[in-house]
Amino acid sequence: MSDVYDPAAIEPKWQEQWEADGLYRAKVDWERPKYYALTMLPYPSGDLHIGHWFAMTPSDARARFMRMRGYNVLFPMGFDAFGLPAENAAIQRNIHPKTWTYANIERMRRQLRSMGAMFDWQREAVSCDPAYYQWTEWFFSRFFEHDLAYRGEGLVNWSETLQTVLANEQVIDGKDERTGQPVIQKMMEQWFFRITRYADELLDFTPIDWPDPVRLMQTNWIGRSEGARVVFTSESGDPIEVFTTRPDTLWGATFMVLAPEHDLVDKVTGDEQRAAVDAYRAQAARATEIERLSETREKTGVFTGGYAINPVNGARIPIWIADYVLSTYGTGAIMAVPAHDQRDFDFARQYGLDIVPVIQPEGEPLDGATMAAAYVGPGVMVNSALFDGTPVTAAKGFANPSIGAVADWLAERGCGAKSINYRLRDWLISRQRYWGAPIPAVFAADGAIEMVPDAQLPVLLPDDVEFRPTGQSPLRYHDGFLNTTDADGRPARRETDTMDTFMCSSWYQYRYLSPTYDRGPFDPQEAAYWLPVDVYTGGQEHATMHLLYTRFFTKVMRDLGLFDEAARIMSEHGRDPAGQFDEPMTGLRNQGQILGAERKGDVILAYGRREGNKLTAARVEVIEPGTMPPGLRDDVVVGEIMRRTENVMQVDVGGELFTVEVAPNAVISVPAIEGDNTVNQLRHHLDVQRMSKSKGNVVNPDELVAQFGADTVRAYLMFFAKWDQGGPWNYEGIKGPQRLLQDVWEIGQAQYTPGEDAAASRALRRKTHQVIRKVTQDMEAFSFNTAVAAIMELRNAILAAQREGGVDRAAWNEAVESLLLLLAPVSPHITEELWARRGLPYSIHEQLWPQWDDDVAREEQISLIVQVNGKTRDRIEVAADLTDDELRAVALSSDKLSRWLDGKPPRQVIVVRGKLVNIVV
RNA sequence: GCCGAAGUGGCGGAACAGGCAGACGCGCACGACUCAAAAUCGUGUUCCCUCGGGAGUGUGGGUUCGAUUCCCACCUUCGGCACCA
């Protein structure tokens with residue numbers, strides 16, 4: 001065997017050995033404690049990038065660490081394989097989504113194996129595999145049966161040009177990213193899941209150890225607010241229900257506002273206002289994201305001509321429509337109290353509507369005619385009939401006496417009720433796409449909806465499909481798929497929408513338990529042992545959607561009794577199932593994002609014809625950043641490209657965004673590409689740049705592995721940044737871990753000649769035990785960078801001991817073997833190789849984690865800090881076990897002290913055991 | 001605008017139940033080895049300085065014998081939400 005450290009030789013060798021021995025097969029064993037470590041499954045986009053490594057390597061090291069500590073660890077991997085990019089590849093490059101996806105999966109499997117992770121590949125699950133999506137469909141049917149799935153109206157991004165629905169990520173600045181054509185908001189009938197039914201339970205995080213920021217984001221996302229529903233009546237006699245968090249301001253309601261899409265708008269609109277109302281509604285439907293985001297946007301609306309009666313005082317108030325009232329929140333209608341709500345106040349001032357204060361703060365009285373802003377603070381109720389004088393506090397919801405009292409009173413009188421509203425909306429799961437799990441629904445000729453019987457699942461996605469450039473789902477014109485029969489054998493139409501891919505990833509942690517099981521989504525025997533997931537690792541970008549959906553899914557599964565059998569088995573083995581199936585993952589840790597090496601964005605120089613805030617460019621050059629100042633002149637624009645669609649770019653011209661549209665025949669100059677350039681080349685160039693800027697794709701893990709070996713790459717990823725923060729990739733730093741492994745390679749095989757220096761042996765043992773303690777605590781706490789730093793300290797101590805000699809055989813072996821064991825989770829191959837070369841039993845990954853002894857780790861000497869008025873003036877080496885009085889005496893005897901004390905007696909002496917003495921004069 | 005996280009050497013980052021600021025690593029400088037370079041090894045590396053010291057953890061205050069750590073105000077960056085009635 002060669003003496004040179006050659007990762008290219010030893011890494012594949014051990015990977016094959018481990019595979020052959022089934023070293024990482026995780027099997028149910030009730031005699032041992034279980035640990036289910038889960039890391040977010042990747043989307044098979046083509047190549048594993050360094051971000052995947054940054055997420056998965058430390059997760060793997062942590063799983064290995066838990067395994068060495070005696071747990072039976074399950075650490076599975078799979079692919080979230082449905083989704084839009086596959087379909088885009090089909091349209092753009094004429095590759096079938098299935099072909100594209102499975103080719104990518106194959107490539108990524110190979111890359112994942114090169115990582116040397118302890119994935120149990122026999123538990124791999126792939127969500128686009130019929131054996132998987134059969135159960136995704138099966139879940140849909142269960143949801144439908146229990147009234148948790150329903151058809152409702154939902155807003156979609158609709159392209160008039162393409163006559164198709166676009167996903168949010170396909171829409172940039174209110175335009176289709178591919179064609180640059182405008183996109184409108186349109187109501188369509190879609191499938192929803194009733195996640196709102198679980199809103200209250202989802203707000204309860206007591207059973208789980210999740211990071212505060214995630215809990216907070218979910219809490220805000222759910223957005224619970226307490227208030228009342230109040231029924232107003234239109235003059236035509238129709239009830240108009242509103243939700244308000246401030247029922248105590250009912251007497252101050254001077255007008256009502258309906259969302260433009262509200263059902264009653266047509267009915268309350270008077271003939272003379274109809275034209276204005278219709279025009280406003282049409283304009284609201286066109287409102288694009290860019291308009292809604294505009295900060296200077298003023299409130300707009302129109303009067304309907306109709307009036308409503310306020311149920312508490314019989315006041316006749318005008319009904320308006322305005323797009324600041326959202327059809328999707330509350331009842332889509334509000335009572336407007338301009339005196340005490342800033343939005344209503346702005347609207348009232350804009351259109352000259354009445355402002356009547358009904359809460360009086362202490363001090364100067366409010367006057368509706370002269371108020372400059374709505375008053376939202378505490379006070380007492382006024383102009384509110386029997387409630388006059390009721391105190392109003394700053395508390396929200398029923399905890400505020402005025403809100404509670406009025407809400408109760410409304411309920412008694414029958415014109416309202418206490419109500420709790422949520423910002424959270426039901427989960428829209430329909431996607432007008434091909435590459436997703438089919439929804440197993442059939443529409444009978446009479447319009448009735450049926451589920452495909454379980455025995456006939458899965459509804460298979462047809463392979464023989466034709467992709468049209470419009471992006472329309474091929475299922476919509478695939479006759480074989482479309483035409484089916486209902487339960488009575490009559491012709492019926494199949495649902496052509498497929499499911500949101502979040503549906504697939506909401507239950508994959510259960511499929512991993514038994515990916516080939518065919519009598520249910522998972523095997524209860526496996527579930528009883530492994531569930532719940534003990535630690536889930538992944539990016540914080542999934543804080544709300546995915547993590548909320550999977551919690552919801554688990555709660556539904558529990559309520560449908562899908563865990564009952566697993567709970568029974570769990571009890572049989574003496575483990576209490578109470579609460580084990582309320583949450584999918586009891587622990588959660590987020591890693592940060594790793595970015596490409598930092599670089600400036602592209603700056604363009606565009607000449608053309610300017611019309612208002614848009615320039616139609618006849619000539620575009622990509623220029624070196626910094627060569628020309630950003631700015632805007634008559635026919636010239638210089639600035640960094642911030643966003644782009646097909647041929648429309650948003651350019652930063654010095655703090656402001658300006659639109660540049662590239663004319664079809666424009667002259668393009670991209671210095672990085674030789675010869676005459678076309679719009680397509682410009683687009684391609686910008687795409688590549690943008691990707692490398694935001695996703696770090698410039699860093700290719702395969703090349704790094706080829707150059708340094710997976711062990712070094714793993715160690716560097718764990719060392720180079722804080723795991724929960726990430727940061728820009730830096731090539732230089734990898735030399736640190738590279739040298740570490742080189743040193744370990746030599747230390748592990750060193751022919752050591754032992755000595756008999758007891759003090760040196762004791763010192764090396766002390767360091768060894770200190771490092772074991774530090775690495776154990778850091779791995780426990782996901783502080784991977786400091787764990788690797790501690791391992792480097794042990795390496796330094798061993799090298800120093802080797803240089804100086806004298807350490808006895810036992811201390812040397814303890815240090816070297818501890819070094820290998822501590823490094824094993826980080827760099828599994830080199831440690832396995834050295835462990836074997838030292839003649840120790842296979843496998844290092846089946847050894848127990850080293851234990852430290854606090855007595856051995858204890859320092860004998862400390863450097864006592866002597867301070868005068870908090871400033872360090874001297875350091876004295878003393879024994880670590882001196883008493884306070886002894887420390888004080890040692891400090892006061894310091895001869896360096898006299899020049900600082902200046903003859904004055906100390907006023908106070910503070911002794912901190914084992915650390916310092918501070919003398920106050 | 002609201003909510004959250006974070007600001008420490010040239011760089012990544014240590015240290016926060018208040019107690020030596022800068023662990024560990026990168027880079028850099030000098031030295032050794034070499035004809036030379038790379039690699040390797042050794043020494044040094046917060047800044048200023050009149051070599052006594054002085055200043056220093058985003059800024060300004062405060063509490064304390066003592067503050068990177070606690071409190072108040074502000075600035076910057078990054079994430080989330082964004083007319084939520």
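Below, read A as the first sequence line, B as the second, and so on, with proteins coming before strands; counting in each chain starts at 1. Only this structure's heavy atoms are used, side chains among them; waters, hydrogens and symmetry mates stay out. None of the values given here were measured: they were computed from a predicted structure.
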Of the nucleotides B:rC20, B:rG13, B:rC3, which has the atom closest to the A:Asn220 side chain?
-> B:rC3
Within the structure shown, what part of the strands sits under 4.0 Å from A:Arg795 by heavy-atom distance: base, sugar-phosphate, or nothing?
-> sugar-phosphate
Go through the steps to decide whether A:Met381 and A:Val406 satisfy the test side-chain contact (heavy atoms from CB on, under 4.5 Å), and finish with yes or no.
-> CA-CA 11 Å; A:Met381 291 175 67; A:Val406 176; 3.9 Å; yes
Within the 6.0 Å centroid threshold, strictly below: A:Phe782 and A:Phe784 | yes
Determine the interplanar angle of the A:Trp210 and A:Phe205 rings, folded into 0 to 90°, and report it as parallel if under 30°, tilted if 30 to 60°, perpendicular if over 60°.
-> tilted
Would you say a side-chain N or O of A:Lys915 is under 4.0 Å from OP1 or OP2 of B:rG18?
-> no
Exactly one candidate in A:Asn785, A:Thr537, A:Asn590 meets side chain to side chain contact (heavy atoms under 4.5 Å, CB included) with A:Trp723; the answer is A:Thr537
Distance between C1' atoms of B:rG13 and B:rC83 (Å, rounded) = 42 Å
Considering only the C1' atoms, how many Å lie between B:rU68 and B:rC16, rounded to the nearest integer?
-> 7 Å
Side-chain contact check for A:Lys774: nearest option of B:rC81, B:rA85, B:rA15 is B:rA15
Now, which nucleotide makes the Watson-Crick or G-U wobble pair with B:rU50, with each of the two distances under 3.5 Å?
-> none
Could you tell me which nucleotide pairs with B:rA29 by Watson-Crick or G-U wobble geometry, both distances under 3.5 Å, or answer none if nothing does?
-> B:rU43
Is it the case that A:Lys299 places NZ or CZ above or below the six-membered ring of A:Tyr324, under 6.0 angstrom from the centre and within 45 degrees of the axis?
-> yes
Hunt down the Watson-Crick or G-U wobble partner of B:rC81, both distances under 3.5 Å, from any strand shown, or write none.
-> B:rG1
Just checking A:Gly592: base, sugar-phosphate only, or nothing, at a heavy-atom cut-off of under 4.0 Å?
-> nothing
Rounding to the closest angstrom, what is the interatomic distance between B:rC28 and B:rC11 at atom P?
-> 15 Å
Test side chain to side chain contact (heavy atoms under 4.5 Å, CB included) applied to A:Leu887 and A:Val909, A:Leu916, A:Val912, A:Leu882, the passing residue = A:Leu882
How would you label the glycosidic angle of B:rG25: syn (within 90° of 0) or anti?
-> anti
Check every strand shown and say whether A:Val242 touches a base, only sugar-phosphate, or nothing at a heavy-atom separation below 4.0 Å.
-> nothing
Return the value, rounded to whole Å, for the distance between atom NZ of A:Lys722 and atom C1' of B:rC78.
-> 14 Å
Contact class for A:Leu216 vs. all strands (heavy atom < 4.0 Å): base, sugar-phosphate, or nothing?
-> sugar-phosphate
Pairwise C1' distance, B:rC70 and B:rG19 [rounded to whole Å] = 14 Å
Here the pair of heavy atoms bringing A:Val265 nearest to A:Ala259 is CG2-O, 3.7 Å
Determine, for A:Asp778 against A:Lys774, whether the closest basic-nitrogen to carboxylate-oxygen distance falls under 4.0 angstrom.
-> yes
Interatomic distance where CE belongs to A:Met217 and P belongs to B:rG4 [whole Å] | 12 Å
To the nearest Å, how far apart are A:Glu732 CD and B:rC26 P?
-> 11 Å
OP1 or OP2 of B:rG25 less than 4.0 angstrom from a side-chain nitrogen or oxygen of A:Asn796, does that happen here?
-> yes
Could you work out which one of B:rA85, B:rC24, B:rC20 sits closest to the side chain of A:Phe243?
-> B:rA85
For the pair A:His542 and A:Phe502, name the ring-plane relationship: parallel under 30°, tilted 30 to 60°, perpendicular over 60°.
-> perpendicular
Whole angstrom is fine here: how far is it from CZ in A:Phe720 over to P in B:rA23?
-> 20 Å
Specify whether A:Tyr716 and A:Phe720 have parallel, tilted or perpendicular ring planes, treating 30° as the upper limit for parallel and 60° as the lower limit for perpendicular.
-> tilted
Determine the interatomic distance between P on B:rA36 and the same-named atom on B:rA32; round to the nearest Å.
-> 11 Å
B:rA73: pairing nucleotide in any strand, Watson-Crick or G-U under 3.5 angstrom = B:rU59
Indicate whether any N or O donor in one side chain lies under 3.5 Å from an N or O acceptor in the other, for A:Thr300 and A:Tyr280.
-> yes
OP1 or OP2 of B:rA85 under 4.0 Å from side-chain N/O of A:Ser225 = yes
Determine the interatomic distance between C1' on B:rC2 and the same-named atom on B:rU46; round to the nearest Å.
-> 39 Å
Using only side-chain N and O atoms of A:Asn785, determine if any of them is under 4.0 Å from OP1 or OP2 of B:rA14.
-> yes
Can you tell which of B:rG12, B:rC83, B:rC20 lies closest to the side chain of A:Tyr324?
-> B:rC83
Can you check nucleotides 37-42 of chain B for protein contacts, nitrogen or oxygen pairs under 3.5 Å, and list what you find?
unit_1, atom_1, unit_2, atom_2, d
B:rU40, OP1, A:Arg739, NE, 3.4
B:rG42, OP1, A:Arg803, NH1, 2.9

Any-strand Watson-Crick or G-U partner of B:rA38, both distances under 3.5 Å = none
Applying the 3.5 Å cut-off to both distances, the Watson-Crick or G-U partner of B:rG22 turns out to be none
Spacing of the P atoms in B:rG61 and B:rA55 (rounded, Å) = 15 Å
When rounded to whole Å, the CD to P distance for the pair A:Glu541 and B:rG80 reads 9 Å
How far apart are the C-alpha atoms of A:Val917 and A:Ile910, what are their side-chain angles, what is the distance that settles it, and do they pass the side-chain contact (heavy atoms from CB on, under 4.5 Å) test?
-> CA-CA 6 Å; A:Val917 174; A:Ile910 290 146; over 6 Å; no
Does the ring centre of A:Trp427 sit less than 6.0 Å away from the ring centre of A:Phe192?
-> no
Between A:Trp729 and A:Tyr731, what is the ring plane arrangement, given parallel below 30°, perpendicular above 60°, and tilted in between?
-> perpendicular
Is it true that the NZ or CZ of A:Arg714 lies under 6.0 Å from the centre of A:Trp53's six-membered ring and within 45 degrees of the ring axis?
-> no
Pairs under 3.5 angstrom, nitrogen or oxygen only, protein versus nucleotides 52-56 of chain B, please.
unit_1, atom_1, unit_2, atom_2, d
B:rG52, O3', A:Arg899, NH1, 3.4
B:rG52, O3', A:Arg899, NH2, 3.3
B:rG52, O2', A:Arg899, NH2, 2.8
B:rG53, OP1, A:Arg899, NH1, 3.2
B:rG54, OP2, A:Arg873, NH1, 3.3

Once you round it to whole Å, what is the distance between C1' of B:rC3 and CZ of A:Arg423?
-> 12 Å
Same-atom distance (P) from B:rG12 to B:rA17, integer angstrom = 24 Å
Among B:rC24, B:rA5, B:rG13, the one nearest A:Pro213 by side-chain distance | B:rA5
A:Ile334 or A:Ser783, whichever maps to the more 5' nucleotide of RNA chain B = A:Ser783
Of the candidates B:rC83, B:rC24, B:rG19, the side chain of A:Met792 sits closest to B:rC24
Between P of B:rG27 and CD of A:Gln738, the distance in whole Å | 10 Å
Could you go through nucleotides 64-69 of chain B and list every protein N or O atom that sits under 3.5 Å from one of its N or O atoms, giving the distance for each pair?
unit_1, atom_1, unit_2, atom_2, d
B:rC65, O2, A:Asn918, ND2, 2.3

